[in-house]
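Naming: A, B, ... by sequence-line order, numbering from 1 per chain. All values below come from the heavy atoms of this structure, side chains included, with hydrogens, waters and symmetry mates left out.
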Protein chains: 2
Amino acid sequence: MARAPTTFDPFNAVAEPKRRQLLEVLGTSELAVNDLVEQLGWTQPMVSKHLGVLKQVGLVSERRVGRQRLYRVNAEALKPIYDWVTPFEQLWRERFERLDQLLQNLQEEQKNVRKK
Amino acid sequence: MARAPTTFDPFNAVAEPKRRQLLEVLGTSELAVNDLVEQLGWTQPMVSKHLGVLKQVGLVSERRVGRQRLYRVNAEALKPIYDWVTPFEQLWRERFERLDQLLQNLQEEQKNVRKK
DNA sequence: TTGACATATTCCCATATAGGAATATAATAC
DNA sequence: GTATTATATTCCTATATGGGAATATGTCAA
């Protein structure tokens, strides 16, 4: 078996750095393909192809206006990623907090040493 | 150019569902390869290979004890994913909040209608 | 040393990619 | 209808993959 297709789920779609960049540029606005071409500096087919992948996994939605197609981010489609990664965030935050505590304790001890 | 290698960054490493599953099973514990083989029900080479990818991107760390190798999650390596996805979480949460607000307003209106 | 156990590596293949170039489709304007 | 603009699709290729099977490496125990 090969790797899961990029259109399999948001994880695979967003693994490609360019597609993350595209979503960032899109942000909260609604942009036509040519706007994205200009802002990203990529070729038009490249932008269209990446948009195609993002659309297939529901990460962007498309609205046709005249000969333009306006795209916007559908942020909710990123929820599975957020939900998956968040529990792990607890882990490293706890570690940092323990480290902070440790450093503070050491500082306290140093103060006491100097006082003597 | 082909797709970025799975060892390119945490995004690509974690795009594979099995590797996410492996990290989940690992959780906060430190497990030997055979423990993982048993818990996951995969073949031993498959577990070793996925661990190899995860290790290359720093998502797990390895400690050798006798003939065993104990692995644990290095959660901080997931921080780039967390940091990237979190701003988007704002977007869909705001949308939900606006929706909630809208629904509440509608309920209020209904009450007033009935009073008349 | 030899065997048993724990883990990693190699070889194989079908499959999907991202990018470039060229071309197709679709909608508007004249 | 024809030209023009906006966008999508097709064809190409190099490259990496995940899984299976077989094998190699490394470590302990008798």
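- Using a 4.0 Å heavy-atom distance criterion, Arg19(A) is classed as a sugar-phosphate-only contact.
- Axis angle, first five pairs versus last five pairs of the helix from dT1(C)-dA30(D) to dC30(C)-dG1(D): 10°, rounded to 10°.
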Under 3.5 Å, side-chain donor or acceptor atoms of residues 2-9 of chain B against the rest of the protein: list the pairs with distances, not counting sequence neighbours.
unit_1  : atom_1 : unit_2   : atom_2 : d
Arg3(B) : NH1    : Ala4(A)  : O      : 3.4
Arg3(B) : NH2    : Ala4(A)  : O      : 2.6
Asp9(B) : OD1    : Phe11(B) : N      : 3.2
Asp9(B) : OD1    : Asn12(B) : N      : 2.8
Asp9(B) : OD1    : Asn12(B) : ND2    : 2.9

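- Between the CG atom of Leu70(A) and the P atom of dA27(C) there is a distance of 14 Å, given to the nearest Å.
- Looking at Asp35(A), its side chain does come within 3.5 Å of a backbone N or O of Ala32(A) through a donor-acceptor pair.
- Between the CD atom in Glu24(A) and the CH2 atom in Trp84(B) there is a gap of 6.5 Å [rounded to 0.5 Å].
- Computed from coordinates, the Leu54(B) CG to dA8(C) C1' distance equals 15 Å when rounded to whole Å.
- Applying a 4.0 Å cut-off to non-hydrogen atoms, the residues of residues 20-33 of chain B that approach DNA chain C are Ala32(B), Val33(B), listed by residue number.
- Computed from coordinates, the Glu38(B) CD to dT7(C) C1' distance equals 16 Å when rounded to whole Å.
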*What do the steps show when you test Asn74(B) against Leu59(B) for side chain to side chain contact (heavy atoms under 4.5 Å, CB included), and what is the final call?*
CA-CA 5 Å; Asn74(B) 177 28; Leu59(B) 275 165; 5.9 Å; no
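- Side chain of Arg69(A) to backbone of Arg64(A): no donor-acceptor contact under 3.5 angstrom is found.
- Gln68(B) has its CD atom 10 Å from the P atom of dC28(D), to the nearest Å.
- Among the heavy atoms of the strands lying under 4.0 Å from Gln44(A) is at least one base atom, whether or not backbone atoms are also near.
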*Hey, mind stepping through Leu31(A) and Leu70(A) against side chain to side chain contact (heavy atoms under 4.5 Å, CB included) and telling me if it holds?*
CA-CA 5 Å; Leu31(A) 295 183; Leu70(A) 305 180; over 6 Å; no
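- The residue among Arg3(A) and Arg69(A) whose nearest nucleotide of DNA chain D lies closer to the 5′ end is Arg69(A).
- Listed pair Tyr71(B) / dA6(C) fails the phosphate criterion, with no side-chain N or O lying under 4.0 Å from OP1 or OP2.
- The hydrophobic cluster containing Ile81(A) also contains Val57(B), counting ILVMFWY residues as joined when their side-chain heavy atoms lie under 4.5 angstrom apart, directly or transitively.
- Residues forming a side-chain hydrogen bond (donor to acceptor under 3.5 Å, both in side chains) with Glu89(B) (at least two apart in sequence, or on another chain): none.
- The side-chain hydrogen bond (donor to acceptor under 3.5 Å, both in side chains) test applied to Lys18(B) returns no partner, not counting sequence neighbours.
- Among residues two or more places apart in sequence or in another chain, the side-chain contact (heavy atoms from CB on, under 4.5 Å) test is passed with Ser61(A) by Arg72(A).
- At whole-Å resolution of the value, CH2 in Trp42(A) and P in dA21(C) are 17 Å apart.
- DNA chain C lies under 4.0 Å from no heavy atom of any residue of residues 5-15 of chain B.
- To the nearest angstrom, C1' of dG26(D) lies 12 Å from CD of Glu62(B).
- Residue pairs meeting the ring pair (Phe, Tyr, Trp, His ring centres under 6.0 Å) criterion with at least one partner in residues 14-66 of chain A, sequence neighbours excluded, are Trp42(A)-His50(A).
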Any protein N or O atoms within reach of nucleotides 19-21 of chain D? Criterion: under 3.5 Å, listing atom names and distances.
unit_1  : atom_1 : unit_2   : atom_2 : d
dG19(D) : OP1    : Lys18(B) : NZ     : 3.3
dG19(D) : OP2    : His50(B) : NE2    : 2.8
dG19(D) : N7     : Lys49(B) : NZ     : 3.4
dG20(D) : O6     : Lys49(B) : NZ     : 2.6

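- Listed by chain and residue number, nothing satisfies the side-chain hydrogen bond (donor to acceptor under 3.5 Å, both in side chains) test with Lys49(B) (two or more places apart in sequence, or in another chain).
- Judged by distance alone, with hydrogens and angles left aside, the side-chain atoms of Thr86(B) form no donor-acceptor pair with the main-chain N or O of Asp83(B) at under 3.5 Å.
- Checked against side-chain hydrogen bond (donor to acceptor under 3.5 Å, both in side chains), Gln44(B) has the following partners two or more places apart in sequence or in another chain: Ser48(B).
- Separation of atoms CD (Gln21(B)) and CG (Leu36(B)) is listed at 10.5 Å; rounding is to 0.5 Å.
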Strictly under 3.5 Å: I want the nitrogen or oxygen pairs between protein and nucleotides 2-5 of chain D, one per line.
unit_1 : atom_1 : unit_2   : atom_2 : d
dT4(D) : O2     : Arg67(A) : NH1    : 3.4
dT5(D) : O2     : Arg67(A) : NH1    : 3.0

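- Judged by distance alone, the side chain of Arg20(A) and the main-chain N or O of Val14(A) form a donor-acceptor pair under 3.5 Å.
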